[in-house]
Amino acid sequence: MDSQKVIIGISTNYLIESAGPELGQERIYVNSSYIDVILRAGGIPLMLPFVEEESVARAQMSLIDGLLLSGGIDVNPLVYGEEPHPQLGPIYPKRDTHELHLVKIAQETNKPILGICRGLQLLNAAFGGTLYQDIPHMTNTDIQHAQKVQKHISTHTVDLKPGTILQQIFGSTSLLTNSLHHQAIKQLASVFTVNAQTKDGLIEGIENQANPFILAVQWHPEMMVAYEPQMQKLFDYFVKVVAQHKQGGS
Ligand code: MN
């Protein structure tokens, strides 16, 4: 293996088989598109199965150079001090616990973080922000954020804020993206700057340019890459930042 390559830890998802010969089997997994985009960026992907013990999360973090928080089901609203709204989707508190540990340890050990969809929401909650538990019931937007077409298809416009890292990555002030979420940031955690918004004002991206670097988007660029190659730029940039942090001896 190329010793210069960096290892990107990817947080994992949970599934119970609902039919077939494996009925009831519990699985921990990631969608393979996350593996593909990290490989294409020159990184080494490593899945991080979720466990509740902080000591295990710390051992996992010692193996990686950067953290990718993947998409998935809703964050437990108790994490950000709210009771469950009737429209809250499924939650899995064990995964929340694990990812909160990973974020805390990444900060302590100066390792960059990239958040995708739920990853953005988890980061906002981890740093003291809150979420709309269900966009249609808690906002008055007239934009559809839970699209009903194939996941790779772009359905809404995202405006990128000039001067942000995200805007520099894409070299544009506007993108068309997919949208696969029914929750969104309500109160932004104070450490973050908004770098992307839809026309209804909902937040579609956040960043913290401080050390260690954090960037997150609400859409799923990894699902779009095969059809919109420029979405790979986000992962290329992240792996580059992780390599710079590693070389910095931190
Ligand atoms: Mn959206």
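When a ligand or atom number is given, it counts from 1 through the structure's own listing order.
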Would you call the rings of H152 and Y227 parallel, tilted or perpendicular, where under 30° means parallel and over 60° means perpendicular?
parallel

Take the angle between the ring planes of W219 and F170 and call it parallel below 30°, perpendicular above 60°, tilted in between.
tilted

Going by atom types alone, do H156 and T198 pair a side-chain donor with an acceptor below 3.5 Å?
no

Keeping waters out of it, list the protein N, O or S atoms under 2.8 Å from the Mn ion (ligand 1).
H145 ND1, H156 NE2, S179 OG, H181 NE2, E204 OE2

Please work out whether the ring planes of F192 and F127 are parallel, tilted or perpendicular, with thresholds of 30° and 60°.
perpendicular

If you measure from the Lys or Arg side-chain nitrogens to the Asp or Glu carboxylate oxygens, is any gap between R40 and E222 under 4.0 Å?
no

Without hydrogens or angle criteria, can the side chains of N195 and T164 be said to hold a donor-acceptor pair below 3.5 Å?
no

